[in-house]
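Okay, so here's the structure we're looking at.
Owing to the predicted nature of the structure, the values given are computational and were not obtained by experimental measurement.
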Amino acid sequence: MPDPSSLDRLFRPASVAVVGASGTPGKAGYMLVEALKGFDGEVFPINPRGGEILGLPAYPSLTALGRPVDLVFLGVPAAASPAI
């Protein structure tokens with residue numbers, strides 16, 4: 001039987017990245033970042049343009065973030081998901 005604590009990163013993540021984060025209200029990437037405002041852990045918006053999204057520094061890629069995260073949300077169109 002698997003160790004239940006192995007699912008902690010999924011059910012109790014300490015850090016979350018949002019790939020496809022956006023500063024444009026109404027886009028999925030914006031809504032994901034906004035929904036995570038009350039999250040106790042670290043939130044890392046990932047957007048190829050970098051900059052800032054909802055007051056958080058945005059990184060151009062997961063590689064540019066330079067550290068592992070517990071959970072990644074995709075806020076991109078379905079057609080782009082396989083490539084990401």
Side-chain angles (χ1 to χ4, degrees):
M1 181 173 202
D3 179 2
S5 66
S6 66
L7 298 176
D8 283 352
R9 291 176 63 179
L10 177 63
F11 293 110
R12 287 188 285 286
S15 58
V16 175
V18 178
V19 174
S22 174
T24 305
K27 287 195 164 190
Y30 179 93
M31 292 185 279
L32 280 167
V33 175
E34 186 175 46
L36 289 165
K37 280 186 174 181
F39 178 64
D40 287 334
E42 297 176 283
V43 177
F44 301 104
I46 308 295
N47 182 293
R49 290 183 290 279
E52 186 177 290
I53 295 174
L54 291 168
L56 298 169
Y59 297 83
S61 67
L62 285 169
T63 303
L65 179 58
R67 57 163 287 187
V69 293
D70 290 335
L71 190 62
V72 176
F73 289 108
L74 295 182
V76 298
S81 293
I84 290 173

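- A distance of 13.5 Å separates CZ in R12 from CG in D40, rounded to the nearest 0.5 Å.
- Contact record, D70 with A14: OD2-N, 2.7 Å, taken as the closest heavy-atom pair.
- A donor-acceptor contact shorter than 3.5 Å is absent between the side chain of N47 and the backbone of G20.
- Taking CE of M31 as the start and CG of L54 as the end, the distance is 12.0 Å to the nearest 0.5 Å.
- In this structure, OH in Y30 is found 9.0 Å from OG1 in T24, a value given to the nearest 0.5 Å.
- The two residues A17 and L62 come nearest to each other via the heavy atoms CB-CD2, 3.7 Å.
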Next item on the list: Would you sort out whether V19 and F73 count as a side-chain contact (heavy atoms from CB on, under 4.5 Å), showing the intermediate values?
Entry: CA-CA 6 Å; V19 174; F73 289 108; over 6 Å; no
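- In this structure, the separation between OG on S15 and CZ on R67 is 4.5 Å, given to the nearest 0.5 Å.
- Among residues two or more places apart in sequence or in another chain, the salt bridge (Lys or Arg N to Asp or Glu O under 4.0 Å) test is passed with R49 by none.
- Atom CZ of F39 is separated from atom CG of L71 by 8.0 Å, given to the nearest 0.5 angstrom.
- For the atom pair CG of L56 and CG of L36, the computed distance is 9.5 Å after rounding to the nearest 0.5 Å.
- Contact between P45 and P57 at its shortest, heavy atoms only, is CD-O, 3.4 Å.
- Of all non-hydrogen atoms in A21 and V33, the two that sit nearest each other are CB-CG2, 3.8 Å.
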Checklist line | Intermediate values then yes/no, salt bridge (Lys or Arg N to Asp or Glu O under 4.0 Å), K27 and E34 | finding: CA-CA 11 Å; K27 287 195 164 190; E34 186 175 46; over 6 Å; no
